[in-house]
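Here is the structure we will look at, set down as structure tokens.
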There are 2 protein chains.
Amino acid sequence: MAKVNTSKERLLESAKALMHSRGYADVGVQELCNHAGIKKGSFYHFFPSKQALTLTTLEEMEADLTQKLIIPAFAKDVPPLERLRRFFRLSHAFQTETKENQGCCVLGCPFGNLALELGSREPEIRQRIEQAFNRIIAVIRDTIQEAKETGDIPAFIDPDQTAQAVLSFQEGILMMAKTCNDTELLRGQEEIALRMCGVVS
Amino acid sequence: MAKVNTSKERLLESAKALMHSRGYADVGVQELCNHAGIKKGSFYHFFPSKQALTLTTLEEMEADLTQKLIIPAFAKDVPPLERLRRFFRLSHAFQTETKENQGCCVLGCPFGNLALELGSREPEIRQRIEQAFNRIIAVIRDTIQEAKETGDIPAFIDPDQTAQAVLSFQEGILMMAKTCNDTELLRGQEEIALRMCGVVS
DNA sequence: ATACTAGTTGACCAGTTGGTAAAATGTCAA
DNA sequence: TTGACATTTTACCAACTGGTCAACTAGTAT
């Protein structure tokens with residue numbers, strides 16, 4: 001016990017990286033095992049199926065996202081509108097960083113990618129991603145609500161519908177950046193997102 | 001010649017339907033052939049590979065989209081803002097219709113789905129989808145430009161950037177609808193899209 | 001020492017994958 | 001009728017898929 005880097009941990013790390021960059025179907029159990037340096041028998045000691053591994057991987061991905069993006073972006077050290085801006089700017093930064101580090105394509109959002117690949121055929125995975133989205137939407141909704149109270153966002157804005165729209169827009173531009181393989185499309189989109197919230201720049 | 005329903009046509013129809021609902025990897029060549037009522041040998045008589053079939057399928061999909069959505073939505077019989085509204089309302093209608101007809105999940109945008117599934121591993125397919133997106137963006141841009149001239153959209157709006165954003169938003173809400181398996185999320189989003197364009201409703 | 005357990009291993013499985021090759025059949029013009 | 005060409009069919013391939021299983025190893029508590 002108390003090993004620094006257990007097989008299970010390495011397996012989850014491999015799954016996060018490989019599935020983010022290449023999706024679900026294109027990454028086989030064997031490849032996952034090779035990447036993690038374990039044998040296939042061990043895989044099925046830790047997870048009953050590839051789908052189960054994916055569900056756990058999604059939890060890890062959500063924890064990472066919360067730590068690296070949600071908490072920093074929505075920290076209350078700046079006014080609400082600035083938090084929304086940071087949400088978009090940080091996403092842009094991560095996409096650019098990932099593209100350059102991995103030396104490959106724009107990878108986009110791991111949740112969005114898997115949602116569209118598996119949404120119509122893996123209901124459990126679909127639900128987990130829906131859950132992750134809903135948690136982000138809740139944070140955005142609270143931020144919009146706060147901005148309404150400070151008068152930064154006009155009263156007629158519906159926080160729930162708008163929060164949903166803001167995340168949709170974020171996912172949409174990430175899809176566009178991936179499709180065009182160009183992170184520059186992400187630059188400056190925060191001002192348009194604020195316009196969705198009724199902010200007349 | 002002049003057969004009413006050639007093998008190649010049936011194959012493309014099958015590919016459109018199956019790949020839209022289940023994606024690329026989950027639909028095999030054999031299943032495609034069964035669905036179209038042909039044998040696998042015939043498949044490779046018409047297309048050198050599954051990837052080639054997909055490229056042609058994307059062209060068909062774009063033609064369909066243009067006929068069923070772009071041309072009706074952006075017809076010049078109504079003012080520009082109303083055209084943008086129709087673009088969103090028609091998309092909503094198609095998603096609802098498809099879900100009920102097929103009796104299954106929300107399918108989302110065929111281009112968006114394939115873009116995220118294959119974007120990082122099939123450059124040619126990625127490019128074709130990028131092309132399709134760009135053609136739609138061009139139509140939206142022209143519409144925004146026209147609305148600026150009629151004064152419906154304020155002068156400070158950048159037509160190129162905003163058109164890109166509007167399509168991204170459309171793709172984003174389609175992703176969201178698919179993830180939540182609920183077409184109701186698509187309702188009323190046209191007003192938020194107009195807010196992106198600087199329209200103060 | 002013993003027994004229990006978590007972890008690891010390699011051999012194996014049936015089914016499927018995209019793709020090939022050649023023979024058979026159908027179609028049409030000269 | 002013939003020859004040329006498009007189409008269809010059947011049989012086949014190596015590679016790979018997710019998953020199983022029994023045997024083995026090592027640490028740990030009794």
Side-chain angles (χ1 to χ4, degrees), chain A residues 1-58 60 114 117-118 120-126 128, chain B residues 1-58 114 117-126 128:
Chain A
M1 287 300 142
K3 265 203 288 184
V4 281
N5 213 3
T6 72
S7 298
K8 193 172 179 178
E9 283 165 358
R10 272 177 292 138
L11 192 47
L12 282 166
E13 280 302 312
S14 299
K16 271 194 281 183
L18 294 178
M19 286 189 179
H20 184 199
S21 60
R22 311 225 315 275
Y24 180 86
D26 197 39
V27 178
V29 174
Q30 188 59 62
E31 186 179 0
L32 248 359
C33 293
N34 294 343
H35 192 273
I38 65 170
K39 300 299 157 65
K40 207 184 341 191
S42 292
F43 181 105
Y44 289 94
H45 173 72
F46 294 113
F47 299 98
S49 67
K50 187 184 174 187
Q51 196 233 34
L53 181 260
T54 309
L55 286 171
T56 307
T57 303
L58 281 168
E60 296 259 314
L114 290 172
E117 184 184 355
L118 302 174
S120 14
R121 96 183 195 246
E122 296 274 1
E124 295 184 51
I125 290 179
R126 212 213 74 230
R128 264 240 141 46
Chain B
M1 287 301 142
K3 264 202 288 184
V4 280
N5 213 4
T6 71
S7 298
K8 192 173 180 178
E9 282 165 357
R10 272 177 292 138
L11 192 47
L12 282 167
E13 282 300 313
S14 300
K16 270 193 282 182
L18 294 178
M19 285 189 179
H20 184 199
S21 60
R22 313 228 312 277
Y24 180 85
D26 197 40
V27 178
V29 173
Q30 188 59 60
E31 185 179 1
L32 249 359
C33 293
N34 294 343
H35 191 274
I38 65 172
K39 300 299 157 67
K40 201 167 15 173
S42 293
F43 181 105
Y44 288 94
H45 172 70
F46 294 113
F47 298 99
S49 67
K50 187 184 175 188
Q51 194 233 33
L53 180 261
T54 308
L55 286 172
T56 307
T57 303
L58 282 168
L114 289 173
E117 184 184 355
L118 303 173
S120 15
R121 97 185 194 243
E122 295 274 359
E124 294 183 51
I125 290 179
R126 211 213 75 230
R128 264 241 141 44

Just grab all the salt bridge (Lys or Arg N to Asp or Glu O under 4.0 Å) pairs involving residues 19-29 of chain A, residues at least two apart or on different chains.
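Non-adjacent pairs meeting salt bridge (Lys or Arg N to Asp or Glu O under 4.0 Å): A/Arg22-A/Asp26, A/Arg22-A/Glu31, A/Asp26-B/Arg121.
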
List for me each residue that meets side chain to side chain donor-acceptor pair (under 3.5 Å) alongside [X], sequence neighbours excluded, and say none if there are none.
X: A/Ser21; value: none
X: B/Ser120; value: A/Lys178
X: B/Glu124; value: none

Rounded to the nearest Å, what distance is computed from the [atom1] atom of residue [X] to the [atom2] atom of nucleotide [N]?
X: B/Phe46; N: D/dT9; atom1: CZ; atom2: P; value: 10 Å
X: A/Glu9; N: C/dG7; atom1: CD; atom2: C1'; value: 14 Å
X: B/Leu11; N: D/dA6; atom1: CG; atom2: P; value: 18 Å
X: A/Asn34; N: D/dG18; atom1: CG; atom2: P; value: 12 Å

Closer than 4.0 angstrom, basic N to acidic O: yes or no for B/Glu13 and B/Lys16?
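Yes, B/Glu13 and B/Lys16 are salt-bridged.
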
Tell me which pairs pass side-chain hydrogen bond (donor to acceptor under 3.5 Å, both in side chains) where either residue lies in residues 43-57 of chain B, with sequence neighbours left out.
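Sorted result for residues 43-57 of chain B: B/Gln51-B/Glu122.
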
Could you list the residues that satisfy salt bridge (Lys or Arg N to Asp or Glu O under 4.0 Å) with B/Lys39, not counting sequence neighbours?
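Per chain and number, B/Lys39 pairs via salt bridge (Lys or Arg N to Asp or Glu O under 4.0 Å) with no residue.
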
Which nucleotide in D/dT8, C/dT9, C/dG7 has an atom nearest any side-chain atom of A/Lys39
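The listed nucleotide nearest to A/Lys39's side chain is C/dT9.
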
D/dT8 OP1/OP2 closer than 4.0 Å to side-chain N/O of B/Ser7:
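Yes, B/Ser7 has a side-chain N/O under 4.0 Å of OP1/OP2 on D/dT8.
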
Counting just side-chain N and O atoms, does A/His45 come under 4.0 Å of either OP1 or OP2 of C/dT8?
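The answer is no; no side-chain N or O of A/His45 sits under 4.0 Å from OP1 or OP2.
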
Could you tell me the separation between the CG atom of A/Leu53 and the CZ atom of A/Phe43, rounded to the nearest 0.5 Å?
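Taking CG in A/Leu53 and CZ in A/Phe43, the distance rounds to 4.0 Å.
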
Spell out protein contact along nucleotides 14-21 of chain C as letters: B when the base is contacted, S when just the sugar-phosphate is, - when no protein heavy atom is under 4.0 Å; keep the 5' to 3' order.
----BBBB

Using five pairs at either end of the helix from C/dA1-D/dT30 to C/dA30-D/dT1, determine the angle between the two local helix axes and round it to 10 degrees.
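Between the first-five-pair axis and the last-five-pair axis there is 10°.
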
